[in-house]
Peer 1: 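Sharing a structure, written as structure tokens. Questions coming.
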Amino acid sequence: MTGAAPQMRDGVSTRDDEVMTTEALHANAAAMVAPGKGILAADESSGTISKRFAALGIPSTVDLRRQYRQALLTAPGIDSYISGVILYDETIRQSADDGTPFPKLLESKGIIPGIKVDKGAKDLAHAPGEKITEGLDGLRARLEEYYGLGARFAKWRATYSITAELPSEYCEWTNAHALARYAALCQEAGIVPVVEPEVLMDGTHTIERAYHVTSRVLSAVYTELFDQRLDIEGTLLKPNMVLSGYDASSRAGVEEVAEHTLEVLRRHVPAAVPGIVFLSGGQTDEDATAHLSAMNKRGPHPWQLSFSYGRALQAPALKAWLGKPENVEAAQRAYYHRAKMNGAARTGMYAPEMEREAVPA
Ligand code: 13P
């Protein structure tokens, strides 16, 4: 959209400042899925990062969490592969050793700061085994504050478990409604909403069952996004890939995962969505990269297909760091290597042999 004249969208007029916001939303969403680049999810809540630290015997103090995030954000050369970083409430307020606030540090590298704004998946009433994501109350004011701190995109994650009976329609639609309410508030605040419906891959289900559930979930999500007047070009989708359950007796291979995932996306995600940024969801680092590469190899697609990985970008870095300042460089090299592999997957050019390329000492 150009010019400052009032615009009409779905019969609803928008004010001049909203036109400016629309342009910024579209530009930022496109920049987040720039060719060869993807997003680092470094937005683990204090509870989640403490669990990851504890698994490696690292104490979880506020300053050690800051030092770890600083190591990631200052990794040399990372801006070649990373377009945006999702931060957590604690992290977006922290600064590097030289006093530079983390969002400013990212901006200086041309990386867009983002923020996790949901307050976690809680038990859904009257639905044993199912979750609803909370955090809508007060969200408008929080988004305004985060915008002031530098955030230009946000994330909200809904989760759905697969069993023989679940997820229920009730769980699918309540979460879709909340995702759309979050997304609408984000756009009002000039923040690109990353819409994350995550069908969890725990269980023994087949890839066909994962396909069916993902299909229903995406259908509900896009119905709600349109009903709540979202400007689709100013959104990104962060979905699961379609995989066999992690405990399934026989698990689908890379090509099958690529085919099923692409098919469900083609059927449910409008071509107007600028990009799809997958979560890794507990896949091994190399599987997450191989799956993304296989999908991009089958392109071109209507949307950019990229990554917004947490564990699959960070696991080797955390293992290398172990909470010790003398390991910061090794951790940065490990993170850089994974970012580079996923950068290659953006064009379908990744090959497992590339993993053996020496990570420079
Ligand atoms: P994983 O890639 O570790 O699944 O994390 C991505 C994320 O942001 C989950 O909300």
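Both ligands and their constituent atoms are indexed starting at 1 by order of listing. Numbers here are sequence positions counted from 1. Given the structure is predicted, the values throughout are model-derived calculations rather than measurements.
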Peer 1: Any nitrogen or oxygen of Gly310, side chain or backbone, less than 3.5 Å from one on ligand 1?
Peer 2: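 Yes: some nitrogen or oxygen of Gly310 is under 3.5 Å from one in ligand 1.
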Peer 1: Report the distance from atom CG of Asn28 to atom CD of Glu23, rounding to the nearest 0.5 Å.
Peer 2: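 With rounding to 0.5 Å, CG (Asn28) is 12.0 Å from CD (Glu23).
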Peer 1: Angle between ring planes, Phe226 versus Tyr222, binned at 30° and 60°: parallel, tilted or perpendicular?
Peer 2: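 Taking Tyr222 first and then Phe226, their aromatic rings sit tilted (interplane angle of 30° to 60°).
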Peer 1: Between Ala41 and ligand 1, which residue portion shows a heavy-atom distance shorter than 4.0 Å: side chain, backbone, both, or neither?
Peer 2: side chain
Peer 1: Suppose I only count heavy atoms of Lys238 and a 4.0 Å limit; which atoms of ligand 1 are within that range?
Peer 2: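 Checking each atom against Lys238, I get 6 (C), 7 (C), 8 (O).
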Peer 1: Which residue, Lys116, Arg65, Arg69, forms the salt bridge (Lys or Arg N to Asp or Glu O under 4.0 Å) with Glu44?
Peer 2: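 Filter result, single survivor: Arg69.
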Peer 1: For Ala288, is the nearest heavy atom under 4.0 Å from an atom of ligand 1?
Peer 2: no
Peer 1: Quick test: of every protein heavy atom, which one is nearest to atom 2 (O) of ligand 1, and how far off is it to 0.1 Å?
Peer 2: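 Heavy-atom neighbour on the protein nearest atom 2 (O) of ligand 1: Ser280 OG, 2.4 Å.
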Peer 1: Any side-chain heavy atom of Leu136 within less than 4.5 Å of one from Trp156?
Peer 2: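 They are in contact (side-chain heavy atoms under 4.5 Å apart), so the answer is yes.
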Peer 1: Would the Trp321 and Phe53 ring centres measure less than 6.0 Å apart?
Peer 2: yes
Peer 1: Under 3.5 Å between any N/O of Glu196 and any N/O of ligand 1: does that happen in this structure?
Peer 2: yes
Peer 1: Got a list of side-chain donor-acceptor pairs under 3.5 Å for residues 234-243, not counting sequence neighbours?
Peer 2:
unit_1, atom_1, unit_2, atom_2, d
Thr235, OG1, Ile232, O, 2.7
Lys238, NZ, Ser308, O, 2.9
Lys238, NZ, Ser308, OG, 2.7
Asn240, OD1, Val199, N, 3.1
Asn240, ND2, Thr214, OG1, 3.2

Peer 1: Is there at least one pair of N or O atoms, one from Gly281 and one from ligand 1, spaced under 3.5 Å apart?
Peer 2: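 In this structure, Gly281 places an N or O atom under 3.5 Å from an N or O of ligand 1.
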Peer 1: Please work out, at 4.0 Å between heavy atoms, whether the side chain, the backbone, both, or neither of Arg157 comes within that distance of ligand 1.
Peer 2: side chain
Peer 1: Just which atoms of ligand 1 are under 4.0 Å from any heavy atom in Ser308?
Peer 2: 6 (C)
Peer 1: Linking Ile, Leu, Val, Met, Phe, Trp and Tyr through side-chain heavy atoms less than 4.5 Å apart, which residues share a cluster with Leu124?
Peer 2: Ile132, Tyr170
Peer 1: Would you mind finding which of Gln314, Gln283, Arg311, Lys116 brings a heavy atom closest to atom 3 (O) of ligand 1?
Peer 2: Arg311
Peer 1: Sub-3.5 Å donor-acceptor pair from the side chain of His291 to the main-chain atoms of Asp287, do we have one?
Peer 2: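 At least one qualifying donor-acceptor pair exists.
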Peer 1: Output the list of atoms in ligand 1 that are nearer than 4.0 Å to some heavy atom of Lys155, sorted by atom number.
Peer 2: 7 (C), 8 (O), 9 (C), 10 (O)
Peer 1: Does any N or O of ligand 1 fall below 3.5 Å from an N or O anywhere on Tyr309, backbone included?
Peer 2: no
Peer 1: Heavy-atom pairs closer than 4.0 Å: do any link ligand 1 to the side chain of Ala312, the backbone, both, or neither?
Peer 2: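 The answer is neither.
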Peer 1: With heavy-atom distances below 4.5 Å as the criterion, would you say the side chains of Cys171 and Tyr160 are in contact?
Peer 2: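 Yes. Closest side-chain heavy atoms under 4.5 Å.
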